[in-house]
2 protein chains.
Amino acid sequence: MFDVLFSHILEKVSLTEEEKSLLKSFFVAKSLRKKEFLLREGEICHSLSFVSKGLLRSYHIDEKGDEHMNLFAWEGWWSSDIYSFSFNEIGQFNIDALEDSELLLITRENLEEMTLQIPKMDRYFRILFQNSLATKERRLVSSNSYTAKEKYIQLAESNPQMIQRVPQNLIASYLGLAPETLSRIKKNIALGK
Amino acid sequence: MFDVLFSHILEKVSLTEEEKSLLKSFFVAKSLRKKEFLLREGEICHSLSFVSKGLLRSYHIDEKGDEHMNLFAWEGWWSSDIYSFSFNEIGQFNIDALEDSELLLITRENLEEMTLQIPKMDRYFRILFQNSLATKERRLVSSNSYTAKEKYIQLAESNPQMIQRVPQNLIASYLGLAPETLSRIKKNIALGK
DNA sequence: ACTGCCCGTTGATCTGGATCAAGTAATACA
DNA sequence: TGTATTACTTGATCCAGATCAACGGGCAGT
């Protein structure tokens with residue numbers, strides 16, 4: 001169960017066997033059936049969740065009731081309402097499962113304790129957050145600078161797995177588009193623009 | 001010169017006097033006159049820059065030649081093309097000074113070396129990047145979910161200093177709006193909506 | 001296998017914000 | 001202190017993408 005997590009961590013920092021078993025003690029496993037919720041808007045997010053199997057989505061619902069996808073997380077990715085988690089404030093994201101999923105959860109308190117006992121884990125998360133920030137920054141520029149079609153093409157090139165695995169109407173929402181718009185864009189591309 | 005940096009770091013982790021003086025050795029100071037460039041699109045970003053005085057902007061220029069603001073950094077904030085810095089790839093951001101500025105630069109190699117010698121600095125940057133990620137995530141949702149007016153009001157509430165200090169046309173770009181649009185929005189708000 | 005219901009498609013119409021075009025106020029610079 | 005450049009405003013028009021509506025096809029549950 002920890003295999004996926006360890007191999008992910010070992011890409012960034014080394015771990016001894018003792019550290020590995022110590023590390024395990026800070027996590028709790030959780031299973032989620034398709035459509036089950038991990039977190040709801042308005043709650044405080046107390047854990048970071050690592051996906052060892054399955055697929056989660058995090059999204060915001062606006063006053064009109066429209067959903068806006070924030071991110072998708074499958075094997076090897078983390079998911080949480082990072083704002084709520086970081087500042088211990090009420091969050092604006094829902095997280096639920098698009099497929100039956102297996103998760104490993106670590107609470108704010110356990111993260112604190114774990115990084116004190118295994119300082120290397122600060123480095124792991126430093127690199128993780130640094131990379132996520134870099135990616136998010138690019139996405140934000142893309143969102144403000146390009147046309148709907150350009151955004152879709154960029155996504156398809158930079159993240160083909162997401163296109164394969166996530167339903168099209170959710171991809172549309174992720175890109176800030178109406179589902180009809182994405183449908184038409186794909187048609188145009190298929191017709192050779 | 002290091003006062004602003006140390007007080008910023010001390011908000012997140014403690015430092016001994018020896019650590020402070022060791023830390024200094026990894027940074028290089030740099031002054032930038034208004035309109036001078038720190039980084040240009042197409043270059044690789046080799047340093048993180050801490051602003052101890054002044055104001056920087058980072059922005060992307062699209063194929064049509066239009067500028068898209070990414071962020072503004074004044075006293076106590078870091079600036080860089082974090083994607084380029086993290087992955088050692090060609091970047092898409094320009095960084096220049098909106099006011100005469102004083103910076104402290106640390107290179108990728110020195111960051112690596114510094115975190116090995118002072119592991120606490122991994123924790124500092126972990127928290128820094130975690131918070132930045134949280135903020136950026138909210139901004140991205142806001143960008144996809146709200147109207148121009150709502151975005152402006154949210155920014156004015158969450159970051160009034162930016163409104164005061166940064167020219168209005170650059171605020172417009174930061175929000176992904178045409179300058180004319182922001183001008184009209186402000187007029188409407190002044191007229192009591 | 002049947003039926004209900006999401007999900008994606010296609011068409012028609014609408015609209016928020018962009019773009020184009022002037023004019024005016026502020027700031028810098030010589 | 002004048003003049004040139006840049007920032008902001010206001011008006012007129014345009015358009016990418018949203019919204020509304022209707023239909024067909026796949027797959028989920030019984």
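In this text, all values refer to a predicted model and were calculated from it rather than measured experimentally. Just so it is clear, the values below take in all heavy atoms, side chains as well, and ignore hydrogens, waters and symmetry mates.
- Taking atom NZ on B/Lys64 and atom C1' on C/dC20, their separation rounds to 14 Å, with Å as the unit.
- Ring to ring, A/Trp78 and A/Phe129 are not that close: their centroids are 6.0 angstrom or more apart.
- Computed from coordinates, the A/Asp66 CG to D/dA18 P distance equals 11 Å when rounded to whole Å.
- Going from atom CG of A/Leu170 over to atom C1' of C/dC7 covers 10 Å, rounded to whole Å.
- A straight line from CG of B/Asn169 to C1' of C/dT27 spans 14 Å, rounded to a whole angstrom.
- Atom CD of B/Glu99 and atom C1' of C/dA28 are 15 Å apart (whole Å).
- Atoms CG (A/Leu175) and C1' (D/dA18) sit 15 Å apart, rounded to a whole Å.
- Judged by the 6.0 Å distance and 45° axis criteria, A/Arg139 is positioned over the aromatic ring of A/Tyr174.
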In residues 162-172 of chain B, what donor-acceptor pairs under 3.5 Å come from side-chain atoms, sequence neighbours left out?
unit_1   : atom_1 : unit_2   : atom_2 : d
B/Arg165 : NE     : B/Glu99  : OE2    : 3.2
B/Arg165 : NH1    : B/Glu75  : OE1    : 2.9
B/Arg165 : NH2    : B/Gly54  : O      : 3.2
B/Arg165 : NH2    : B/Glu75  : OE1    : 3.3
B/Arg165 : NH2    : B/Glu75  : OE2    : 3.1
B/Arg165 : NH2    : B/Glu99  : OE1    : 3.0
B/Gln168 : OE1    : B/Lys186 : NZ     : 3.1

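- Among the nucleotides D/dA18, C/dA18, C/dG8, the one closest to any side-chain atom of B/Ala178 is C/dA18.
- For B/Lys187, whose side chain is taken as the heavy atoms from C-beta onward, the closest listed nucleotide among D/dT10, D/dA18, C/dA18 is D/dT10.
- A/Leu182 comes within 4.0 angstrom of nothing in the nucleic acid, heavy atoms only.
- Between A/Pro179 and B/Lys34, the residue anchored closer to the 5' end of DNA chain C is A/Pro179, taking for each the nucleotide with the nearest heavy atom.
- No donor-acceptor contact under 3.5 angstrom links the side chains of B/Ser173 and B/Glu67, judged on distance only.
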Please tabulate, one pair per line, all N/O donor-acceptor pairs under 3.5 Å involving side-chain atoms of residues 27-40 of chain B, not counting sequence neighbours.
unit_1  : atom_1 : unit_2   : atom_2 : d
B/Ser31 : OG     : B/Glu102 : OE1    : 2.9
B/Ser31 : OG     : B/Glu102 : OE2    : 3.3
B/Glu36 : OE1    : B/Arg33  : N      : 2.7

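- Geometric assessment of A/Lys20 against the ring of A/Phe6 yields a positive cation-pi assignment under the 6.0 Å and 45° thresholds.
- Atom pair B/Tyr146:OH and C/dG16:C1' shows a separation of 18 Å (rounding to whole Å applied).
- Taking the side chain of B/Glu180 as heavy atoms from C-beta on, and the options C/dG17, C/dA21, C/dT10, the nearest nucleotide is C/dA21.
- Separating the CE atom in A/Met114 from the CG atom in A/Leu111 is a distance of 5.0 Å, to the nearest 0.5 Å.
- The stretch residues 138-145 of chain A has no heavy atom under 4.0 Å from DNA chain C, so no residue of it qualifies as close.
- Rounded to whole Å, the distance from OH on B/Tyr152 to P on C/dG16 is 21 Å.
- Residue order along DNA chain D, read from the 5' end via each residue's closest nucleotide, puts B/Ser183 first among A/Leu177 and B/Ser183.
- With hydrogens and angles ignored, a donor-acceptor pair under 3.5 angstrom links the side chain of A/Arg184 to the base of C/dG11.
- When distances are taken from the side chain of A/Gln168 to each of D/dG17, C/dG8, D/dC8, the shortest belongs to C/dG8.
- Between C/dA18, C/dG8, D/dT9, one nucleotide has an atom nearer to the side chain of B/Thr181 than all others, and that is C/dA18.
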